[in-house]
Amino acid sequence: MTEYKPQQLDKKWQQRWTADRAFEVEPDPSRPKFYCLEMFAYPSGHAHVGHVRNYIIGDIMARTKRMRGFNVLHPFGWDAFGLPAENAAIKSGTHPERSTLDNIAHMKGQLQRLGISYAWDREIATCLPEYYKFNQWIFLKMFERGLAYRKRSTVNWCASCNTVLANEQVVDGACWRCGTVVTTRDLEQWFFRITAYADELLNDLDGLTEWPEKVAVMQRNWIGRSVGARITFPVAGSRQSVEIFTTRIDTIFGATFVLLAPDHPIVGTFAALSPDPEAFRAQVAAFRALGREARLTGAIEKEGFDTGRKAVNPFTHEEVPIWIANFVLAEYGTGAIMAVPAHDQRDFEFARKYNLPIRIVVRAGDDEATVDEMQEATTNYGRLVASGPYTGQQAPGVLTAMTADAEAARIGKREVQYRLKDWGISRQRYWGTPIPIIYCEKHGAVAVPYGHLPVELPMVATFTGRGDSPLAQVSDFVNTVCPTCGGPARRETDTMDTFVDSSWYYLRFCDPANAALPFDPERAAYWMPVDFYSGGVEHAILHLLYSRFFTRVLRDVGLVGFGEPFKRLLTQGMVLKNGAVMSKSRGNVVDPDDMLARYGADALRLYVMFVAPPEKEVEWSDAGLDGSFRFLVRVWRLVDYWSGALRGERLPVVAAEYSDVERALRRKTHDTIRRVTTDIEERMHLNTAVSSLMELVNEMYAFGEVTPLGLPSRGDASDGRGVRPATIAVAREAIEGLVLMLSPFAPHTAEELWQMLGHQTGLTKAAWPIFDPDVARAEEVVVPVQINGKVRARLTVPAGLSDDELRERTLAEAAVKHHIEGKTIRKVVVAKGPLVSVVVS
RNA sequence: GCGGAAGUGGCGGAACGGCAGACGCGCUAGCCUCAGGAGCUAGUUGGAGCAAUCCAGUGGGGGUUCAAAUCCCCCCUUCCGCACCA
């Protein structure tokens, strides 16, 4: 009996795979490709079992697809730029490059010890010039096309991280990374024009049928398209006007006042011309602060004040007051709205609070409430009343008509608004990709010529974390010459948001060593799109939306021929410990290396896959890991014990030679092949794939009880002499199938067992077992019989009986007779399954 | 408030209109024993019964169907996302 020593097997087979370069691949048009990718890692230092779960999920898919005949690309890399390394440098004095590369080395070791089948020859790290050179290259392509541009704007600012944040990086008014309350600043910033692709990014979500609906919905909401009209309200006694955006032009006859955001540009003019500009400005400032407060706390107390000015409603020609309100957003629409208190709840509350007029202009159903009786705004569409020439008309027709009339009268136009804003990518930090722009007094912002890329990040020795961009302090870096005129010029000193790095890395894996282009279009055409992509749902908006945007840009640049990078997406659940997400600060991390030392890689891999479906959150349990280890020991003993008999000559066997018990095991084997294959490839129910394998093992132990092959607990292993060839053949089919199907989950153990069974070539070259429906077909079936909906009997009958025969046998069955005695049979249904349902009364 | 997902034994979870609780953990009893955190056998939704068996049962209430954990309607709870978006 050979002892199961998983730690030794881990080492042995990991070395073998590396020596054989078993997972390195090249394009091969003769085979179908499969690109399997897990979101690459931020090199924080240590991967815990929560991170590792995702890599194991991907590895099950990659290993299975390889055995199923696909040419599988399964690469890994590092999202290596970012703030934590820089912050650590400020504290410890270690240069971010040093700590990042150290962390990568450690984490790579962790993944290798888990036996994840990565093509390590394609490893990338975004902080290396050979990678970020192409961040710059893509930036320049976008600059040429007007997709990268610079503008002064009010931006989100995190005082703790000392940098700008994208809208997507502000969570509940606070920094997504450190939780500091976000403030605003006016800065010159670089933006990517993602809004140019807003419609496409929105519409194409419908085609992503293999994405979780949740993610598509989140992106849809984030893009936030709404169709309406922009209408000009002239300011009375002035040549100025206020433009408003509305989706409810049908209610415009009920617009009894206009509301401005405190940040609206015209507010400054109003203040200057007011009787007491100082007081006016003070009040505006108070509302700006209030609006921010309200958004942070969710406290929704609507406040406003009258500017004293009036606007002319262009449909009614009526003068209505202009107020400033804390709940109107400067960044959405035009920063100004027409208020229709009768038909908008917010306007209603505001009007009631400040005693502003309310006018009903839409009637839905038979509601005839007067203004005084109204408890809340009526927001449904309906028939227009008191609306001049439009009275009596209905939505949606009237919306189109009124918008068209506004356009004809040159007082407005149809407009589509998005919640999505352009992506601000400038960061006032060091550890990132330098933006390849040079500022010249004569020529303004000039692109660094492609031949000068990469603009290398200079080695800065000291970090303070204070002041502006650290690169501004490096005079060798800053001072340069203008590429256009050769005159003195200064480099851009901001770096790019690290989400730029991750927006195209999956394309780089197709051709990671290319020095001329981000990737070779032909290689990308072979490997892309990613067939299976898995990672955390926290990237549902940021990374996944940016990646879809980048792929479209690269399509328009001519590098790829498609827009969607990820065909199938899986958002894996987190691993909790003591009910909380694992984190260093909570002190509840489980280090995979501790588990490897106790159980080996395979028990850990198996447990993490068995405990729950991949999308679900799971609670870590040491006891569950024990169970998986026991299962592997059980498999080991069985295979080891039978291997002597199974290693021998493969004698031909004809179907008629199989006994009932042998046929039953063959059925189980093939049924298991079918279930495990669809569970992995189609349903991604890795937990039930494992339980099917467990069932097969239980069945084989039962088989051992009744055949001369015996069981490990029953003395010496049989060498197969004197055992019928049919028995050996059946056992071999079951055992080999088991080992093959176990191999994605427990690759080290499976390789060793495969070798024990006498195979010279390893499992990385083996083929997945083939399901044979003829073998799986049962010759006898158990048919449940329902009487008035309850199962009352089971019939064991030959498979393939006709419905009439089944009906006959059912009614003849003693247990059935007992239940229908003295009653009238109303109906007998024979359903597929088969199953018989009898209705009596 | 809007949107999404979910609610099944002591626990993790099975069951894509057809036998509810597969598989595993835990627990109980027994066997074996070089006493190990090992292995084997049986049991384990609740209730009634010596038993065969019967009754109830998938958050609650209705409905569709020969048949519902599964489909439809209403309600409750939990988690997640968005949140004054005009």
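Because the structure is a prediction, the values reported are computed rather than measured. All chains are named by letter (A, B, ...) in the order of the sequence lines, taking the proteins before the strands, and each is independently numbered beginning at 1.
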K.L.:
Start at the 5' end of RNA chain B and walk down; is the nucleotide closest to A/D679 or to A/K827 reached first?
P.N.:
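This one resolves to A/D679.
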K.L.:
Between the side-chain atoms of A/K302 and the base atoms of B/C84, is any donor-acceptor pair under 3.5 Å?
P.N.:
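Present.
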K.L.:
Between B/A38 and B/U44, how far is it from one P atom to the other, in whole Å?
P.N.:
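Comparing P positions in B/A38 and B/U44 gives a spacing of 23 Å.
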K.L.:
Under 4.0 angstrom, heavy atoms only, what part of the nucleic acid is A/R826 near: base, sugar-phosphate, or nothing?
P.N.:
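No contact at all - A/R826 keeps every heavy atom at 4.0 Å or more from the nucleic acid.
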K.L.:
Can you tell me how far apart CE (A/M609) and CZ (A/R53) are? Round to the nearest 0.5 Å.
P.N.:
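Going from the CE atom of A/M609 to the CZ atom of A/R53 covers 6.5 Å.
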K.L.:
Provide the Watson-Crick or G-U wobble partner of B/C34, both distances under 3.5 Å; none if there is no partner.
P.N.:
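Pairing partner: none.
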K.L.:
Are A/R230 and A/I244 packed together at the side-chain level, in the sense that at least one heavy-atom pair is separated by less than 4.5 angstrom?
P.N.:
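In short, these two side chains do not touch, never coming nearer than 4.5 Å.
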K.L.:
What's A/G624 touching, base or sugar-phosphate or nothing? Going by heavy atoms closer than 4.0 Å.
P.N.:
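Contact class for A/G624: none.
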K.L.:
Just name whichever nucleotide pairs with B/C23, Watson-Crick or G-U, keeping both distances under 3.5 Å, else none.
P.N.:
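Pair assignment: B/C23 / B/G12.
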K.L.:
Given A/W323, which of A/F287, A/F305, A/F350, A/F257 fulfils the ring pair (Phe, Tyr, Trp, His ring centres under 6.0 Å) condition?
P.N.:
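Only one option passes, and that is A/F350.
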K.L.:
Do A/R359 and A/F253 meet the cation-pi criteria used here (NZ or CZ under 6.0 Å from the six-membered ring centre, within 45° of the axis)?
P.N.:
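Geometry flag: not set, cation outside 6.0 Å or 45°.
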K.L.:
Return the 5'-most residue of the pair A/Y332, A/K214 with respect to RNA chain B, ranking by each residue's nearest nucleotide.
P.N.:
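Its nucleotide being nearer the 5' end, the pick is A/K214.
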K.L.:
Which base sits across from B/U64 as a Watson-Crick or G-U pair, both distances under 3.5 Å?
P.N.:
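WC or wobble partner does not exist here.
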K.L.:
For the P atoms, the ones on B/C74 and on B/G24, what distance do you get once it is rounded to whole angstrom?
P.N.:
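Roughly 41 Å separates the two P atoms.
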K.L.:
Do the side chain of A/Q786 and the base of B/G18 come within less than 3.5 angstrom through a donor-acceptor pair of N or O atoms?
P.N.:
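Per atom types, the contact qualifies.
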